[in-house]
Amino acid sequence: MLGKLTKNSFKANMSSVAGVYVAMVIIGVIMAVLLLFDWTKWGDMGIGLGLVVKIVASLALCLTSGIGILMTLVGIISEFNRNMFGDEGHLTMTLPVKSSTLLLSKWLSGSFWVLLSYFVFCVCAFGSFIYCVNHSLNIVQGNSMYYSVYELVVQMIEELCRASGIAMPSMGVLLSLASIYAFEGAVRVCVFVILVFFSITISHCKPFHKVKFGGIIYFFLSFFGVTTFASMITKFIKIYLVFSDEFYTFSLSQAEVAAAWDLGYAAYSVTNVYCTAIAAVFIFVITTVLIERKVNVS
């Protein structure tokens, strides 16, 4: 039953955000043409018209993808509100499934679309950065110490490591660290979605439904509560994942973490994201109870 509900939620959300992605594709194609067009034929002298057009097109592309994230959220919120507590609410609540299964299907579908829009934004931002930097490097290549974006990024990381007093990690370690942060970002997006659903749910419960802009208020309160909980636990207990190209290990010692950075390894604190995920599970359980017993369907 979970698979069928998730499939239906996926289709419903897709119809809500389809227009957004169509608009993003159209604007993206226009921006890509502006980026790829050879503007040197139109009077580009040094860092002139070509780079300006590419920067403007890149900013427009990033702005469009950012708006796509916002519109995706709006579509998911509208669909959840309508399907659970609006015109379709009575039919949804009579389905022979547990409230936890119903909410899980909504959460899986909503998280997928928000993650997709976030991924598109990151690709647009990173791709625009690479293209604009490549353009400027090609123009000033004769007087530049960099010959590619890769060398420029490596040089920036080396400078950052030198300023921090740590050894330069290998590229494998840097990629592993980037993957871990990407995973953390995905977890936080999923937590964000369940907090949104919790806020909408509690705003339909007595006596909370009478509060003006209640959903927004409850979201920020729940977000503050989850963040505070994770921060407090992290302040007292810090568990680090220490890794290199050859091994992964966990550590509670700040001295070991400092020594790992000095040796060119990397360390990542897992406590905060772990506690955030635990708090999100707790919020999920509360939301299922509210849906089953306390909500007022329009």
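Residues that satisfy the side-chain contact (heavy atoms from CB on, under 4.5 Å) test with T228, not counting sequence neighbours, are F224, M232. By the side chain to side chain donor-acceptor pair (under 3.5 Å) test, S111 pairs with W107, sequence neighbours left out. F192 meets the ring-ring contact (aromatic ring centres under 6.0 Å, His included) test with F219; sequence neighbours excluded.
The only option from T288, V285, T287 that meets the side-chain contact (heavy atoms from CB on, under 4.5 Å) definition with S100 turns out to be T288.
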side-chain contact (heavy atoms from CB on, under 4.5 Å) between L103 and F80, worked out | CA-CA 10 Å; L103 179 62; F80 180 81; 4.1 Å; yes

Starting from the C-alpha separation in whole Å, work towards a yes-or-no answer on ring pair (Phe, Tyr, Trp, His ring centres under 6.0 Å) for F284 and F197.
-> CA-CA 9 Å; F284 181 91; F197 288 171; 9.6 Å; no

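The closest side-chain donor-acceptor pair between Y240 and Q254 falls under 3.5 angstrom.
The heavy-atom pair separating I283 from I194 by the smallest distance is CG2-O, 4.3 Å. The minimum heavy-atom distance between N81 and H204, with the atom names listed, is OD1-CE1, 2.8 Å.
The neighbour count for I237 CD1, taken as heavy atoms of other residues, nucleotides or ligands under 6.0 Å away, does not exceed 12. Residue F229 qualifies as enclosed at atom CZ: its count of foreign heavy atoms under 6.0 Å is above 12.
Criterion: ILVMFWY side-chain heavy atoms under 4.5 Å apart, direct or through other members. Under it, V196 and F220 are part of a common hydrophobic cluster.
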